[in-house]
Q: 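After the structure tokens below, expect a handful of questions from me.
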Amino acid sequence: MASIKDVAKLAGVGIGTASRALSGNGYVAPATRKKIEDAARQLDYTPNVLAQNLLKNRSGIIGVLIPSLDHYFFSELAQRLESDLYKKGYKTMICCTKNQENGEQDYLDMLENNLVDGIITATHSFNDQAYTDSKRVIVSFDRDFKGRIPMVCSDHEKAGRMAAVHFVESGCKKVLSIYGKDTIGGHISTGKAHQVLKEELEKAGISVTEVCTEAGIFDMEACRRTAGECLEKYPEADGVFASDSFCVPFLFQAAGMAIAVPEKLKLITYDATDITRTVHPRLSGVGQRIEEISQILTETLIKKIQGEEVKEKQVLDVYWQDGGTCL
């Protein structure tokens, strides 16, 4: 494999001149640049990007920490982030922390050692100090670090109100609100959707039963099991508010138990990822704007890397998805 030294020798210039011409950093006379570029093509020279980045004290890599790729929302978000970061000149390292006891800390250690230029974290661990003690560039999705790390999130309060309105208009009397244990206490801002939903429904005289799954919201088998158990334990329930990962199993479990949707059971999903538009009936629900979330996360991270000021918290709008599970 040809080196920069070989290119410089063939072009009859110094190594520094060849390096400037091929990297685009610094002035090189047009005629000299052409000789160097011709030599590089002739030798099939490939720049050592890693070495160039090390000289610039950067890696060109962004770490994206998510709980699991099994989860519909985070799978779509990870794909979108990879695309948006690539357009900005960065490669993406997807780091799944589910079932990895020290995975989150290991990835943060990698950041500290300059192996990545920044991190977008969407994990739900409660080990805040590891993040807030870091001197590197970190941006959070949905995880509230009390202003110590910039956060991007959806308008979960609006989501809860929006879902409540549809349950009321649909004549529901007993609604199940299902969420993972990591949403308790406000650490993960999505918990506000369930909090507001409960407040609004109870004002309307509708009872709300909260189901907190100990398995968390990233275990797909647990979601299927929870759906079946809830339908058996709460046969009087006529409404369910949950993430896509729960609502899709509820739809199938209800069909298996001859529970008519939406006649006897109304389902309102939260996230409204692609999977909710491929089932029958299509799930009614509140959608998070994943494309916009990814763009704002990417822009915020790059601004921080460049030393620019960024907003402490950015709240993005949600929308209603028409479907056949809550008419």
Q: Would a 4.5 Å heavy-atom cut-off, applied to side chains only, mark Y86 and K91 as touching?
A: yes

Q: Within the 3.5 Å criterion, strictly below it, is a donor on Y131 or T121 matched to an acceptor on the partner's side chain?
A: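 The criterion, which ignores hydrogens and geometry beyond distance, is satisfied for T121 and Y131.
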
Q: Looking at every non-hydrogen atom in both residues, tell me the closest pair between A18 and I36 and how far apart they are.
A: CA-CD1, 3.8 Å

Q: Between T123 and R143, does a side-chain hydrogen bond (donor to acceptor under 3.5 Å, both in side chains) hold up when you go through it step by step?
A: CA-CA 7 Å; T123 57; R143 180 170 170 177; 2.9 Å; yes

Q: So does E299 get a backbone contact from the side chain of K303, meaning a donor-acceptor N/O pair under 3.5 Å?
A: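 Not a single qualifying donor-acceptor pair exists.
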
Q: So does F241 get a backbone contact from the side chain of S177, meaning a donor-acceptor N/O pair under 3.5 Å?
A: no

Q: What are the two closest non-hydrogen atoms of T325 and L267, and how far apart are they?
A: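 Here T325 and L267 meet closest at OG1-O, 2.7 Å.
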
Q: Less than 4.5 Å apart, side chain to side chain, heavy atoms only: is that true for D128 and F145?
A: yes

Q: Applying side-chain contact (heavy atoms from CB on, under 4.5 Å) to S154 and V318, what does each step give before you reach the verdict?
A: CA-CA 7 Å; S154 294; V318 294; 3.9 Å; yes

Q: I need the minimum non-hydrogen distance between A78 and I94, along with the two atoms involved.
A: CB-CD1, 4.1 Å

Q: What I'd like to find out is whether the side chain of I206 reaches to under 4.5 Å of the side chain of V168, using heavy atoms alone.
A: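 When only atoms from C-beta onward are counted, V168 and I206 do touch, with a gap below 4.5 Å.
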
Q: Do D274 and R277 meet the salt-bridge criterion of a basic N to acidic O distance under 4.0 Å?
A: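 Salt bridge: yes.
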
Q: Treat each ILVMFWY residue as a node, draw an edge where side-chain heavy atoms are under 4.5 Å apart, and state whether M162 and L176 are in one component.
A: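 Different clusters: M162 never reaches L176 through Ile, Leu, Val, Met, Phe, Trp or Tyr contacts under 4.5 Å.
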
Q: Step through the shown structure and confirm whether more than 12 heavy atoms of other residues, nucleotides or ligands are within 6.0 Å of OH on Y319.
A: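 For Y319, atom OH is crowded (more than 12 foreign heavy atoms under 6.0 Å).
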
Q: Could you tell me whether the side chain of R33 and the main chain of A21 form a donor-acceptor pair under 3.5 Å?
A: yes

Q: Does E200 reach the main-chain N or O of V165 with its side chain, forming a donor-acceptor pair under 3.5 Å?
A: no

Q: Same hydrophobic cluster for V211 and V208, using side-chain heavy-atom links shorter than 4.5 Å among ILVMFWY?
A: no

Q: Considering only NZ, NE, NH1 and NH2 on the basic side and carboxylate oxygens on the acidic side, decide whether R80 and E76 come within less than 4.0 Å.
A: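 Here R80 does not pair with E76 in a salt bridge, since their nearest N and O are not under 4.0 Å apart.
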
Q: Are I305 and Y90 close enough that some pair of their side-chain heavy atoms sits under 4.5 Å apart?
A: yes

Q: To the nearest 0.5 Å, what is the distance between NZ (K192) and CG (D144)?
A: 6.5 Å

Q: Looking at NZ of K264 and CE of M257, how far apart are the two atoms once the value is rounded to the nearest 0.5 Å?
A: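 Going from the NZ atom of K264 to the CE atom of M257 covers 13.0 Å.
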
Q: With clusters defined by side-chain heavy atoms of hydrophobic residues (ILVMFWY) lying less than 4.5 Å apart, directly or transitively, does Y234 cluster with I268?
A: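 The answer is no; the residues belong to distinct hydrophobic clusters.
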
Q: For S294 and L77: C-alpha separation, side-chain torsions, deciding distance, then whether side-chain contact (heavy atoms from CB on, under 4.5 Å) applies.
A: CA-CA 7 Å; S294 175; L77 179 61; 4.3 Å; yes

Q: Would you please indicate yes or no on a ring centroid separation below 6.0 angstrom for Y270 and H156?
A: yes

Q: Does the side chain of I178 reach to within under 4.5 Å of the side chain of V240, using non-hydrogen atoms?
A: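 Contact flag for I178/V240 side chains = yes.
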
Q: Side chains of C96 and F74, heavy atoms from C-beta outward: is any pair under 4.5 Å?
A: no

Q: For the pair K34 and E37, find out whether any cationic side-chain nitrogen is under 4.0 Å from an anionic carboxylate oxygen.
A: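 Looking at E37 together with K34, the answer is no, because their closest N to O distance does not fall below 4.0 Å.
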
Q: Once rounded to the nearest 0.5 Å, what's the spacing between atom SG of C95 and atom CD1 of I62?
A: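 Result: 11.0 Å between the selected atoms.
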
Q: Do the side chain of D84 and the main chain of T298 share a donor and acceptor less than 3.5 angstrom apart?
A: no

Q: Kindly work out whether a path of hydrophobic side-chain contacts (I/L/V/M/F/W/Y, heavy atoms less than 4.5 Å apart) joins V261 to V175.
A: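 Result: no, two separate clusters.
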
Q: Does the side chain of V279 come within less than 4.5 Å of F252's, by heavy atoms?
A: yes

Q: Same cluster for L197 and W320 if Ile/Leu/Val/Met/Phe/Trp/Tyr side chains link at under 4.5 Å?
A: yes

Q: Test D38 against K35 for salt bridge (Lys or Arg N to Asp or Glu O under 4.0 Å), laying out the working first.
A: CA-CA 5 Å; D38 290 344; K35 285 200 304 182; over 6 Å; no

Q: Indicate yes or no for a side-chain donor-acceptor contact from D238 to the backbone of K174 under 3.5 Å, with no hydrogens or angles considered.
A: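 Looks like yes, one N/O pair under 3.5 Å.
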
Q: Could you report the tightest heavy-atom contact between K158 and D317, atom names first, then the distance?
A: NZ-OD1, 2.8 Å

Q: Quick one: OG1 on T276 to OH on Y72, what's the gap to the nearest 0.5 Å?
A: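 Going from the OG1 atom of T276 to the OH atom of Y72 covers 10.0 Å.
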
Q: Strictly distance-based, threshold 3.5 Å: is any side-chain N or O of T300 a donor or acceptor partner for the main-chain N or O of L297?
A: no

Q: Please report the C-alpha distance between I290 and T273 in whole Å, then the side-chain angles of each, then the deciding distance to 0.1 Å, and finally whether the side-chain contact (heavy atoms from CB on, under 4.5 Å) criterion is met.
A: CA-CA 8 Å; I290 295 179; T273 55; 3.9 Å; yes

Q: Report the relative orientation of the aromatic rings in F73 and H71; use parallel for angles under 30°, tilted for 30 to 60°, perpendicular for over 60°.
A: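 Because their plane-to-plane angle is over 60°, the rings of F73 and H71 count as perpendicular.
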
Q: Indicate the atoms forming the closest heavy-atom contact of K304 with I138, along with that distance.
A: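 Shortest heavy-atom contact: CE-O, 4.0 Å.
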
Q: Rounded to the nearest 0.5 Å, how far does CD1 of I259 lie from CG of L231?
A: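 So the CG of L231 and the CD1 of I259 are separated by 4.5 Å.
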
Q: Applying side-chain contact (heavy atoms from CB on, under 4.5 Å), run through D6 and Y45 and close with a yes or a no.
A: CA-CA 9 Å; D6 298 325; Y45 169 72; over 6 Å; no

Q: By side-chain hydrogen bond (donor to acceptor under 3.5 Å, both in side chains), which residues pair with D271, not counting sequence neighbours?
A: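 Once residues adjacent in sequence are excluded, the partners of D271 under the side-chain hydrogen bond (donor to acceptor under 3.5 Å, both in side chains) criterion are Q288.
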
Q: Within the structure provided, determine whether V137 and D117 are in side-chain contact (heavy-atom separation under 4.5 Å).
A: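 Not in contact.
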
Q: Any donor and acceptor pair, going by atom type alone, linking the side chain of R282 with main-chain N or O of D322 inside 3.5 Å?
A: yes

Q: First locate atom CD1 of I120, then atom CG of L81, and finally report the distance between them rounded to the nearest 0.5 Å.
A: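 Reported to 0.5 Å precision, the distance equals 5.0 Å.
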
Q: Looking only at heavy atoms, which two atoms of I119 and L301 are closest? And how far apart?
A: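 I119 and L301 have their closest heavy atoms at O-CD1, 3.7 Å.
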
